[in-house]
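Note sheet for the following structure.
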Amino acid sequence: PPTVPVRQDHGGSVNDGGNVIVTGTADSTEGSGWWKHQYSGNGAPQIDAALAAGYLEIVNAVSSVFSEQVVAATAADVHAILSPTAGNRRARAAAELMIAWLQFASGAVEHDSTVPLNGQNSVAFLDLMFQAEAVILNPASTNAQLQDVEQQLARVRHAIN
């Protein structure tokens, strides 16, 4: 990772490094159909291919699911992820996970956002994302657990920044 020199009050200095993720500047979230169209390769998407690839690069940098467990290297891969079969609960949860990470990558949802769940409950965006990834990655997760994750991830669209 890149390093940055840090100067101390008494004149000393050290180098420290880390990764920086720069997200987009979107000011509103989009639905699953919108995202699917952006990565379909058909019609006239609202974002260009370079921006779509940049969003995907962010998703792959922050997620433990994409591309470590689920290949998400190309627009076609994303389109396939966003087109799960009805009976495959894990694939459906992964599709919602991809959409939630794309909302983050676009800048529409910030890392410190709060996601309202059903009722009076809410959860921190990153907490939700990492809990959801743990359930999706766990081969012992039940369909009920995966369905809960899918429903919670769908609420990311209503995140409060």
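Each residue takes its place number in the sequence, starting with 1. What you see is a predicted model; the values in this text were computed from it and never measured.
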Go through the steps for Leu137 and Ser64 under the test side-chain contact (heavy atoms from CB on, under 4.5 Å), then give the verdict.
CA-CA 8 Å; Leu137 290 171; Ser64 297; 4.1 Å; yes

Connected via hydrophobic side-chain network under 4.5 Å: Val62 and Val71:
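No: no chain of side-chain contacts under 4.5 Å links Val62 to Val71.
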
According to a 4.5 Å side-chain heavy-atom criterion applied to Ile, Leu, Val, Met, Phe, Trp and Tyr, with indirect links allowed, do Ile160 and Leu128 form part of one hydrophobic cluster?
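Different clusters: Ile160 never reaches Leu128 through Ile, Leu, Val, Met, Phe, Trp or Tyr contacts under 4.5 Å.
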
Taking all atoms of both residues into account, what is the closest heavy-atom pair of [X] and [Y], and its distance?
X	Y	value
Ile81	Ala72	CD1-CB, 3.9 Å
Leu97	Ala132	CD1-CB, 4.4 Å
Gly107	Thr23	CA-OG1, 3.9 Å
Ala93	Leu153	O-CD1, 3.8 Å
Ile99	Ser32	CD1-CB, 3.3 Å
Ala100	Met129	CB-CE, 3.6 Å

Any donor-acceptor pair under 3.5 Å linking the side chain of [X] with the backbone of [Y]?
X	Y	answer
Asn60	Ser67	yes
Arg92	Pro84	no
Gln38	Ile47	yes
Asp127	Val123	no
Asn121	Leu117	no
Gln145	Thr142	yes
Ser83	His79	yes

Tell me whether His111 at atom NE2 has more than 12 heavy atoms from other residues, nucleotides or ligands lying less than 6.0 Å away.
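No, because the 6.0 Å sphere around NE2 of His111 holds 12 heavy atoms or fewer from other groups.
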
Using a 6.0 Å cut-off, check whether atom CD of Glu68 has over 12 heavy atoms from anything other than its own residue.
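Enclosed.
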
May I ask you to test the [X]-[Y] pair for a side-chain heavy-atom distance under 4.5 Å?
X	Y	value
Leu102	Tyr39	yes
Val78	Lys36	no
Phe104	Ile58	yes
Val135	Asn138	no
Leu82	Trp35	yes
Met98	Leu56	yes
Arg155	Pro116	yes

Carefully, step by step, assess Gln152 and Val115 under the rule side-chain contact (heavy atoms from CB on, under 4.5 Å).
CA-CA 9 Å; Gln152 290 174 356; Val115 179; over 6 Å; no

Gap separating the [atom1] atom of [X] from the [atom2] atom of [Y], nearest 0.5 angstrom:
X	Y	atom1	atom2	result
Ser113	Asn161	OG	CG	3.5 Å
Arg157	Ser28	CZ	OG	8.0 Å
Glu57	Ile21	CD	CD1	10.0 Å
Arg89	Gln147	CZ	CD	4.0 Å

Does the side chain of Gln103 come under 3.5 Å of the side chain of Glu30 through a donor N or O and an acceptor N or O?
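The answer is no; no qualifying pair exists.
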
Between Trp101 and Glu133: side-chain donor-acceptor atoms closer than 3.5 Å:
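Checked: Trp101/Glu133 side chains pair up, N/O donor to acceptor below 3.5 Å.
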
For Ile136 and Val149: C-alpha separation, side-chain torsions, deciding distance, then whether side-chain contact (heavy atoms from CB on, under 4.5 Å) applies.
CA-CA 8 Å; Ile136 291 168; Val149 162; 4.3 Å; yes

